[in-house]
Amino acid sequence: MAFPQTRLRRLRYNSVLRDMVTETKLSVDDLIMPLFVCAGTNIKNPISSMPGNYQLSVELLVEECKKVVAAGVRAVLLFGIPAEKDEHGLVACQHNSIVQTAIRAIKKELPNLYIVADVCNCEYTTHGHCGTIIDGDVDNDSTLATLAKQSVSLAEAGADMIAPSDMMDGRVGSIRKALDEAHFEKIPIMSYAAKYASGFYGPFREAAESAPKFGNRATYQMNPANSNEAMREVAADIEEGADLVMVKPALSYLDIIYRVKTEFNMPVAAYNVSGEFSMVKAAGANNWIDEARVMMEVLTSIKRAGADIIITYHAVDAANIINAMK
């Protein structure tokens, strides 16, 4: 039936009805807050390119987690900045490495906070790449052993989920095998399945001190122009045992999120990355946009595309807005 019998604006005139017919609703339960933990005590280093975010020593990280929980956000994703680095990232595998220490401290104070542990080597290597360098490039198969060992160490520390972000071929299978052999069959893996070689990671590299010292990550992270390749990456990770799959970044890859959800019908996470966050913050600080409104619009678009979980530095701010609307 056409106009004038059909008037789509009838569903928009009243705010109660608008709420009733809203198709996509963002929930606090959708959100994961990324946090950065560093060695030392009483350290709160501002991340200049990510306003409101900090490198935090363990005791201050625990206090920050309490604020996250108070906002209703029930999960965090941890990244570590170690006191020392090595050629292979083996420091990340140690019992007392920075993230393992942080996990134990958080669990002591907040046992019900869900902790996702990022697994990669870029923060822990002297060269800033995501694995062992052989002949000028990251060697895939030798890196798998380090990633598996790191994953088991994080599970032993109390991590609730392992999230490999390195983009090595076969890493989900290697990590799953290592976790199962160590009797961590119940620990899920959320793979960064479609992680693109993106320019949106710039602020994160300041935050995690993980910029590569030479070259770039184009030999292991994905070409931003490719969509079908992402489906192959996701399919491979599912076959190897991934329980959830992630698309990273989110905002410029909404089509990929949609395809992954539609084609695989798996739980899908999307990472609203540092550059996406910082652009909104910068524009808001200059009064070019309504920051809160744009933030919620961005996050809603990610969920509308098909994401079940949204990893975002906006998590606490968004949770406060959602809670105020109840």
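For the numbers below, each heavy atom of this structure counts, side chains included, while hydrogens, waters and symmetry mates do not.
Taken from OG1 in T312 to CG in L251, the straight-line distance is 10.5 Å, to the nearest 0.5 Å. Atom CD of Q100 is separated from atom OG of S153 by 3.5 Å, given to the nearest 0.5 angstrom.
Here the closest heavy-atom approach between residue N121 and residue L147 is recorded as ND2-CD2, 4.0 Å.
Other residues, nucleotides and ligands contribute more than 12 heavy atoms inside 6.0 Å of the CZ atom of R18. For CD of E297, the number of neighbouring non-hydrogen atoms (other residues, nucleotides, ligands) closer than 6.0 Å is 12 at most. For E84, the CD atom sits in a loose shell: 12 or fewer heavy atoms of surrounding residues, nucleotides or ligands are nearer than 6.0 Å.
Checked for salt-bridge contact, R171 and D237 meet the test: a charged N lies under 4.0 Å from a carboxylate O. E63 and K66 are joined by a salt bridge, as a carboxylate oxygen and a charged side-chain nitrogen come within less than 4.0 angstrom of each other. Salt bridge R176/D180: present, at least one basic N to carboxylate O contact under 4.0 Å. Here K25 does not pair with D30 in a salt bridge; the nearest charged N to carboxylate O distance is not below 4.0 Å.
Using a 3.5 Å distance cut-off with no hydrogens or angles, the side chains of N112 and R74 do not pair a donor with an acceptor. Donor-acceptor pairing under 3.5 Å is lacking for the side chains of E59 and T41.
Using bins of under 30°, 30° to 60° and over 60° for the plane-to-plane angle, the ring pair Y271/Y192 lands in the tilted bin. In this structure, F277 and H314 have tilted ring planes: the angle between them lies in the 30° to 60° band.
Judged by distance alone, with hydrogens and angles left aside, the side-chain atoms of E229 form no donor-acceptor pair with the main-chain N or O of N223 at under 3.5 Å. Side-chain N or O atoms of S301 include one that pairs as donor or acceptor with a backbone N or O of V298 at under 3.5 Å.
K195 forms no cation-pi arrangement with F200, by the criterion of a distance under 6.0 Å to the ring centre and an angle within 45° of the ring axis.
Between Y253 and Y196, the distance separating the two ring centers is shorter than 6.0 angstrom.
Between I321 and M325, some side-chain heavy-atom pair lies under the 4.5 Å cut-off. Side chains of L78 and I103 form a contact here, defined as non-hydrogen atoms less than 4.5 Å apart. A heavy-atom distance below 4.5 Å is found between the side chains of K303 and I310.
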Apply side-chain contact (heavy atoms from CB on, under 4.5 Å) to the pair L77 and D118, showing each step before the final yes or no. CA-CA 7 Å; L77 172 63; D118 179 84; 4.1 Å; yes
